[in-house]
Student: 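Before we start, here is the structure in question, set down as structure tokens.
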Amino acid sequence: MADNELADRLARQAKIAEGESDEPKKMREYEDPNEKFAHPYPEFSDFFSREQCKKYEELFQANDQNKDGFIDYEELKRMMESGGDPMTHLELKAVIQAVDEDKDGMISMREFLYLWSKVLKGEMPEGSGLAKLVEAHGQFGPSIQVQKAAGVGGAKNFFESKMNEAADKEKYQQEIQEQQRLDYERKRQEKAEQEAEEQRKAAFKARAGQFDS
């Protein structure tokens with residue numbers, strides 16, 4: 001009896017080693033029911049839902065034109081241009097630098113999510129074109145519909161940041177207009193003074209001519 005059991009055990013082990021046993025197949029076919037509902041990016045689970053992450057993945061893949069799994073400088077540039085919000089060279093560099101945690105000069109899928117989370121929380125650094133990124137998100141992600149974005153405090157910071165940037169832009173334009181007005185007034189005054197000086201010189205020359213004659 002013991003010899004038969006040992007023989008059966010050895011035979012099963014031999015089949016397993018040769019890939020002929022059903023036992024490993026059953027183990028391979030087993031799926032953890034929890035894995036089906038697991039968040040693909042756990043660190044962003046409090047910010048983006050699984051469905052939202054899927055939308056971002058589709059956006060990432062659509063702009064990863066060479067399909068290397070990254071968005072580089074040129075691809076980011078084209079992405080922003082296609083959304084109607086082209087960025088300057090310095091803005092593009094600032095965006096990549098703000099989220100490029102492994103310092104490879106490109107944006108991975110995880111860093112792509114990190115980018116949009118920072119945009120929606122208004123945490124992008126100065127010079128990275130926050131207003132353009134906000135507008136781009138509105139163009140690219142209308143179906144994403146981020147509802148959980150950073151909670152009440154984060155949403156408040158996001159909208160305040162957007163409003164502050166708009167106010168700064170308006171103030172900058174007003175300053176330019178005021179400077180242009182001052183430059184115009186200065187040039188007009190200089191021209192008037194120059195014409196008056198020429199008239200004085202002409203009058204003096206005319207009087208001097210009378211004495212000569």
Side-chain angles (χ1 to χ4, degrees), residues 28 31-32 34-169 172:
R28 286 196 298 270
E31 294 183 0
D32 185 348
N34 295 321
E35 186 175 346
K36 183 178 179 181
F37 302 100
H39 198 286
Y41 303 95
E43 63 189 296
F44 298 105
S45 61
D46 292 335
F47 198 84
F48 298 126
S49 69
R50 293 170 63 251
E51 292 75 16
Q52 289 161 357
C53 287
K54 184 177 180 181
K55 294 292 185 180
Y56 283 115
E57 285 180 341
E58 292 172 357
L59 177 61
F60 181 90
Q61 292 168 5
N63 289 281
D64 177 19
Q65 297 182 351
N66 62 4
K67 306 305 177 186
D68 64 350
F70 299 91
I71 289 181
D72 59 23
Y73 173 91
E74 290 296 332
E75 290 168 334
L76 179 62
K77 179 182 178 182
R78 285 191 288 269
M79 183 184 80
M80 295 302 296
E81 289 174 346
S82 69
D85 295 285
M87 284 186 155
T88 66
H89 169 76
L90 292 178
E91 287 173 336
L92 290 165
K93 298 292 283 186
V95 168
I96 294 175
Q97 185 176 2
V99 299
D100 182 20
E101 294 187 324
D102 56 5
K103 307 303 179 185
D104 62 356
M106 298 183 292
I107 299 175
S108 65
M109 180 59 218
R110 182 200 161 279
E111 292 167 341
F112 194 65
L113 285 174
Y114 184 40
L115 165 63
W116 293 118
S117 69
K118 287 173 72 68
V119 168
L120 293 171
K121 289 186 289 185
E123 293 180 353
M124 291 298 287
E126 183 178 354
S128 60
L130 174 60
K132 294 179 182 178
L133 287 165
V134 170
E135 292 300 323
H137 188 274
Q139 292 289 329
F140 297 137
S143 61
I144 295 175
Q145 296 294 330
V146 178
Q147 301 292 340
K148 298 165 60 178
V152 176
K156 180 174 180 291
N157 291 337
F158 162 59
F159 287 112
E160 284 182 352
S161 176
K162 184 177 179 182
M163 290 173 64
N164 289 339
E165 184 147 345
D168 290 343
K169 184 176 181 180
Y172 178 66

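Each residue takes its place number in the sequence, starting with 1. Computation of the quantities below employed the complete heavy-atom set of this structure, encompassing side-chain atoms and omitting hydrogens, waters and symmetry-equivalent molecules.
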Student: Just verifying a value: how many Å separate Ile71 CD1 and Met106 CE, rounded to the nearest 0.5 Å?
Tutor: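 Spacing of CD1 (Ile71) from CE (Met106) equals 11.0 Å.
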
Student: Can you check whether Lys54 reaches Phe48 side chain to side chain, under 4.5 Å on heavy atoms?
Tutor: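 No, side chains not in contact.
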
Student: Out of curiosity, Glu43 CD to Ser117 OG, how far, rounded to the nearest 0.5 Å?
Tutor: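 Glu43 CD to Ser117 OG: 8.5 Å, rounded to 0.5 Å.
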
Student: Give a yes or no on whether the backbone of Gly69 and the side-chain of Asp64 come within a donor-acceptor separation of less than 3.5 Å.
Tutor: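 Yes, Asp64 side chain to Gly69 backbone: donor-acceptor pair under 3.5 Å.
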
Student: Which value, rounded to the nearest 0.5 Å, describes the distance between Cys53 atom SG and Arg110 atom CZ?
Tutor: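 Output value for this atom pair is 12.0 Å.
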
Student: Which residues pass the side-chain hydrogen bond (donor to acceptor under 3.5 Å, both in side chains) test with Glu126, not counting sequence neighbours?
Tutor: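 Once residues adjacent in sequence are excluded, Glu126 has no partner under the side-chain hydrogen bond (donor to acceptor under 3.5 Å, both in side chains) criterion.
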
Student: Go through the steps for Phe70 and Glu111 under the test side chain to side chain contact (heavy atoms under 4.5 Å, CB included), then give the verdict.
Tutor: CA-CA 9 Å; Phe70 299 91; Glu111 292 167 341; 5.6 Å; no

Student: Run the side chain to side chain contact (heavy atoms under 4.5 Å, CB included) test on Thr88 and Lys93 for me, step by step, so that the C-alpha distance in whole Å, both residues' side-chain angles and the decisive distance to 0.1 Å come before the verdict.
Tutor: CA-CA 9 Å; Thr88 66; Lys93 298 292 283 186; over 6 Å; no

Student: Suppose the criterion is ring-ring contact (aromatic ring centres under 6.0 Å, His included): which pairs have a residue in residues 85-108, not counting sequence neighbours?
Tutor: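 Applying ring-ring contact (aromatic ring centres under 6.0 Å, His included) to every pair that reaches into residues 85-108, excluding sequence neighbours, yields Tyr73-His89.
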
Student: Could you tell me which residues satisfy salt bridge (charged side-chain N to carboxylate O under 4.0 Å, His left out) with Glu91, sequence neighbours excluded, listed by chain and number?
Tutor: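 Per chain and number, Glu91 pairs via salt bridge (charged side-chain N to carboxylate O under 4.0 Å, His left out) with Lys132.
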
Student: Just verifying a value: how many Å separate Met109 CE and Glu57 CD, rounded to the nearest 0.5 Å?
Tutor: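 Between Met109 CE and Glu57 CD, I get 5.0 Å after rounding to 0.5 Å.
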
Student: Quick one: CD on Glu74 to CE on Met79, what's the gap to the nearest 0.5 Å?
Tutor: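 Between atom CD of Glu74 and atom CE of Met79 there are 13.5 Å.
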
Student: For Tyr56 and Trp116, take the angle between the two ring planes, folded into 0 to 90°, and tell me which bin it lands in: parallel under 30, tilted 30 to 60, perpendicular over 60.
Tutor: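 Ring orientation, 0 to 90° scale: parallel.
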
Student: Calculate, to the nearest 0.5 Å, the distance between atoms CD1 and CD1 belonging to Ile107 and Ile96 respectively.
Tutor: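 The distance works out to 5.0 Å.
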
Student: Is the shortest heavy-atom distance from the side chain of Gln52 to the side chain of Phe44 under 4.5 Å?
Tutor: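 Counting from C-beta outward, Gln52 and Phe44 never come under 4.5 Å.
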
Student: Applying side chain to side chain contact (heavy atoms under 4.5 Å, CB included) to Val95 and Met80, what does each step give before you reach the verdict?
Tutor: CA-CA 11 Å; Val95 168; Met80 295 302 296; over 6 Å; no

Student: Answer whether the closest heavy-atom distance between the side chains of Phe60 and Leu113 falls below 4.5 Å.
Tutor: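 A side-chain contact under 4.5 Å is absent here.
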
Student: Answer whether the closest heavy-atom distance between the side chains of Glu75 and Asn63 falls below 4.5 Å.
Tutor: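 Sidechains of Asn63 and Glu75: no contact.
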
Student: Would you find more than 12 non-hydrogen atoms of other residues, nucleotides or ligands less than 6.0 Å from Gln97 atom CD?
Tutor: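 Counting other residues, nucleotides and ligands, CD of Gln97 stays at 12 neighbours or fewer.
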
Student: State whether the side chain of Asp100 and the backbone N or O of Asp104 hold a donor-acceptor pair below 3.5 Å, judged by distance alone.
Tutor: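 Yes, the answer is positive, given that a donor and an acceptor are paired below the 3.5 Å cut-off.
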
